[in-house]
Amino acid sequence: MSTLAHTMMTAARSADSGLAGPGELDRYPYAEAPSADRVGTPSWEGAEPELGRVGRRAAGSRGRGLHGQLVQQLGQMIVSGDLGADRPLVPEEIGQRFEVSRTVVRESLRVLEAKGLVSARPNVGTRVRPVSDWNLLDPDIIEWRAFGPQRDDQRRELSELRWTIEPLAARLAAGHGREEVQQRLGDMVEIMGHAMGQGDSLTFSRADAEFHSLLIQVAGNRMLEHLSGIVSAALQVSGGPVTGCERPNDAALAQHGRIVDALAAGDGAAAEGAMRQLLTVHPEVERVVPAPREH
């Protein structure tokens, strides 16, 4: 095993991933939105007043502390529909409910505004924005949707998007062969193989995410590179059959190896074909996702 592989596997075992494992999705703290329309100020029933108990995913993507945890809690409530569109958010009420300062509330609402979830206007105040205004490519929103009531739609949409992005990225990457990059990709495959042999799904998933992110970054297309975070988010929230690569298996490992070999040979068509084989086709998206092509 290479030094990199050993280091990555050791770090993964000692770290708290914050990711959901098999069977954990239904335990994610979302409240299903009532079917009837609600008006007036938000009802905070069911919201978690002790922010230290909010899901650990907050620490990974939004930073530790009250600010990150409040963003997590409010973001979950908005995306799940518990706080519906055009619902007013009164900073004083939020501060009292979650026992945080006005500064924490103000900064948290600014983060949510940057994501398109809320808007703040003079003489109107802060209100929840409709789904059409959300930045649906934001990794946090991807995560919140994928573990909330919209998880089936989110995972299907992510699968379709990956089918658009990654085969092309693999083809383009074959034309930008750099020895150090190919070595790094090969290291990730090695790590995945060792992790699979030891039943270490956490290390496997981390190496898998780095493999796909790196592949997009070396495709030589800055717009595709900008989307690498989406693929990483998709892999992190995988847990159903729609996203592909969600469970370690020999077939997935072999296809990763085929991609590395194709890149080393400068064979873009083979790299694209291996990527298409790697991505799982869900029955619901077969009509929009082309069948894998043999090369």
### Message
Is there a side chain to side chain contact (heavy atoms under 4.5 Å, CB included) between I191 and F211? Walk through the geometry before answering.
### Response
CA-CA 10 Å; I191 292 170; F211 179 98; over 6 Å; no
### Worked check of salt bridge (Lys or Arg N to Asp or Glu O under 4.0 Å) between R156 and D153
CA-CA 5 Å; R156 174 183 55 78; D153 287 341; 3.8 Å; yes
### Task
Decide yes or no on salt bridge (Lys or Arg N to Asp or Glu O under 4.0 Å) for E180 and R184, but give the supporting numbers first.
CA-CA 6 Å; E180 70 276 12; R184 183 73 177 179; over 6 Å; no
### Task
Given side chain to side chain contact (heavy atoms under 4.5 Å, CB included), test Q150 with E157 step by step and report yes or no.
CA-CA 11 Å; Q150 303 174 43; E157 291 167 3; over 6 Å; no
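Using a 4.5 Å heavy-atom threshold, the side chains of D208 and H256 count as touching. Side-chain contact check for D250 versus M196: some heavy-atom pair is nearer than 4.5 Å. Residues L263 and L215 have side chains in contact (heavy-atom distance under 4.5 Å, counting atoms from C-beta outward). Q255 is not listed as a side-chain neighbour of M275, based on a closest heavy-atom distance of 4.5 Å or more. Between L278 and H212 there is a side-chain heavy-atom pair separated by less than 4.5 Å. Within the 4.5 Å cutoff, the side chain of E107 has heavy atoms near those of the R110 side chain. Between L137 and L161 the shortest side-chain heavy-atom distance falls below 4.5 Å. Side-chain contact between L279 and E166: present, with at least one pair of heavy atoms (C-beta onward) separated by less than 4.5 Å.
Side-chain N or O atoms of R145 include none that pairs as donor or acceptor with a backbone N or O of V79 at under 3.5 Å. A donor-acceptor contact shorter than 3.5 Å links the side chain of T164 to the backbone of E160.
Listed by first then second residue, pairs satisfying side chain to side chain donor-acceptor pair (under 3.5 Å) with a partner in residues 213-225 read S213-Q217, not counting sequence neighbours.
Ion pairing between R102 and E92 holds under the 4.0 Å rule for side-chain N and carboxylate O.
For the side chain to side chain contact (heavy atoms under 4.5 Å, CB included) with W144, the qualifying choice from D138, I78, L117 is L117, the only one to do so.
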